[in-house]
Amino acid sequence: SCSACRMGGGGICLSRVRQICDDVPCPFPGSGVRSSEPDCNGCAQDCFDDFSVESAFLSLDISIGREKAAASSTPSQFHVDLWFYFTVQNWILDFGRPIVMIILPLEWFPLNKPSAGDYFHMAYNVITPFLLLKLMERSPTTLPRSAVYLSIITFVMGASIHLVGDSINHRLILSGYQNHLSVRENPIIKDLKPASLIDSFELLYYYDEHLGHCMWYIPFFLILFLYFTGCFTQAKEEKMPQSGWLLLGPSAVYYWYLVTEGQIFVLYVFTFFAMAATVMRQKRMGFVLDSNGRFLLYSFAITLVLVVVWVVYLWNDAVLRKKYPGIIYVPEPWSYYTLHIKGS
């Protein structure tokens, strides 16, 4: 008849607590009395408080478990707005950045001032982290915040390093620099005096194409993978809406550009196979991908096909083979442009 019993199992009965406390020796040394004795009222109260705390945690665990079960069994909503914003800003601010620098008259943006592409890159460095954070907020499960925040910070730093290096590289291209050649083999650089200047340009190339890309793309793919790990549900298998299928092609083509121009094929393949392994593991546990997870997985799968077609098409190009030696041969689109398109 007590209030705890009327909670329907959410609390512990007061009479039961008193009964247990009667059998607990008093913790005060030397007293030799039971907790039910008049001289030990404090002990009985402490005993009751301990059980109240335990009952609170028990109730919290039950409620959290119910919330998790409900979240895993409820169909998720396709984030068409975020995926649309991602696709549009990637195409305009990243893929379209060098195109804008080529199309717009040079007189509008002197070589000693930021170009239109530089402003596009600045906007990308602000908008993309914001969209990634919004994507994390909509994850069906709670993701490790420290990993997300560190990834976002590193992403911004890497993209900013790339902004500076890429801006100078574009001005070198306007002065005759050829992307399909190495730094030391370029006509406008190989005869520089003193020769130590060539080392400075190689350092710039390292910041642009190696360090900047690593600090930019590794956290970017890590964030996408962390989000992907939360895209599983126990509800009925979900299908992508028509809007998702319409965005799939543009999204996959952009990732193709990202993988080839960024020279991150190994990172991309590792992320893709990690996604596939996660799907197989979750499937054995009775979970299936929701519509957002399918959109990411299908985008990466189509990207792999596009990269293979690109490599096969340029497999016998002797000039590009010289610039990209080794087992992994994935030419950059802009190297192909300066070699085969710009001259004509």
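Only a predicted model underlies this, so the values are computations on that prediction, with no experimental measurement involved.
Between Arg97 and Asp166, some side-chain heavy-atom pair lies under the 4.5 Å cut-off. Looking at Val288 and Phe232, their side chains never come closer than 4.5 Å, going by heavy atoms from C-beta outward. Residues Ile223 and Met136 are in side-chain contact: their nearest non-hydrogen atoms beyond the backbone lie under 4.5 Å apart. Counting only heavy atoms from C-beta outward, the side chains of Phe155 and Asn125 never approach each other to under 4.5 Å. Residues Tyr124 and Gln89 have side chains in contact (heavy-atom distance under 4.5 Å, counting atoms from C-beta outward).
Between Pro144 and Leu226, the shortest heavy-atom contact is CG-CD2, 4.5 Å. Considering every non-hydrogen atom in both Thr260 and Glu332, the closest pair reads O-CG, 3.6 Å. When all heavy atoms of Tyr329 and Tyr324 are compared, the pair lying nearest together is CD1-O, 3.5 Å. Counting all heavy atoms, side chain and backbone alike, Val156 lies closest to Pro129 at CG2-CG, 3.6 Å. Contact between Ile161 and Gly212 at its shortest, heavy atoms only, is CG2-CA, 4.1 Å. When every heavy atom of Met157 is checked against every heavy atom of Met215, the shortest pair comes out as SD-CE, 3.5 Å.
Note on ring orientation: taking the six-membered ring where Trp is involved, the planes of Phe221 and Tyr255 are tilted (angle from 30° to 60°). Between Phe225 and Phe228, the angle of the ring planes stays under 30°, which puts this pair in the parallel group of the 30/60° scheme.
No salt bridge links Lys190 with Glu185; every basic N to acidic carboxylate O contact stays at or beyond 4.0 Å. Under 4.0 Å is where a charged nitrogen must lie from a carboxylate oxygen, and between Lys134 and Asp81 no such pair does.
With a 6.0 Å radius and a threshold of 12 heavy atoms from other residues, nucleotides or ligands, Tyr207 has its OH atom at or below the threshold.
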- Query: Under the side-chain hydrogen bond (donor to acceptor under 3.5 Å, both in side chains) criterion, do His213 and Asp208 qualify, and how do the steps go?
  - Reply: CA-CA 7 Å; His213 282 185; Asp208 179 18; 4.5 Å; no
- Task: Assess whether ring-ring contact (aromatic ring centres under 6.0 Å, His included) is satisfied between His121 and Trp216, documenting all intermediate values.
- Result: CA-CA 13 Å; His121 207 317; Trp216 179 1; 5.5 Å; yes
Donor-acceptor contacts under 3.5 Å from residues 300-312 side chains, at least two apart:
from, atom 1, to, atom 2, distance (Å)
Thr303, OG1, Ala252, O, 3.2
Thr303, OG1, Ser299, O, 2.7
Trp310, NE1, Pro331, O, 2.9

Side-chain donor/acceptor pairs under 3.5 Å, residues 239-248, sequence neighbours excluded:
from, atom 1, to, atom 2, distance (Å)
Trp245, NE1, Met240, O, 3.4

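The backbone N or O of Trp334 lies less than 3.5 Å from a partner atom in the side chain of Glu261, making a donor-acceptor pair. At least one donor-acceptor pair under 3.5 Å links the side chain of Arg321 to the backbone N or O of Trp315. In this structure a side-chain-to-backbone donor-acceptor pair under 3.5 Å is present from Asn90 to Phe86.
Identified under the salt bridge (charged side-chain N to carboxylate O under 4.0 Å, His left out) test for residues 107-128, with sequence neighbours left out: Asp118-Arg171.
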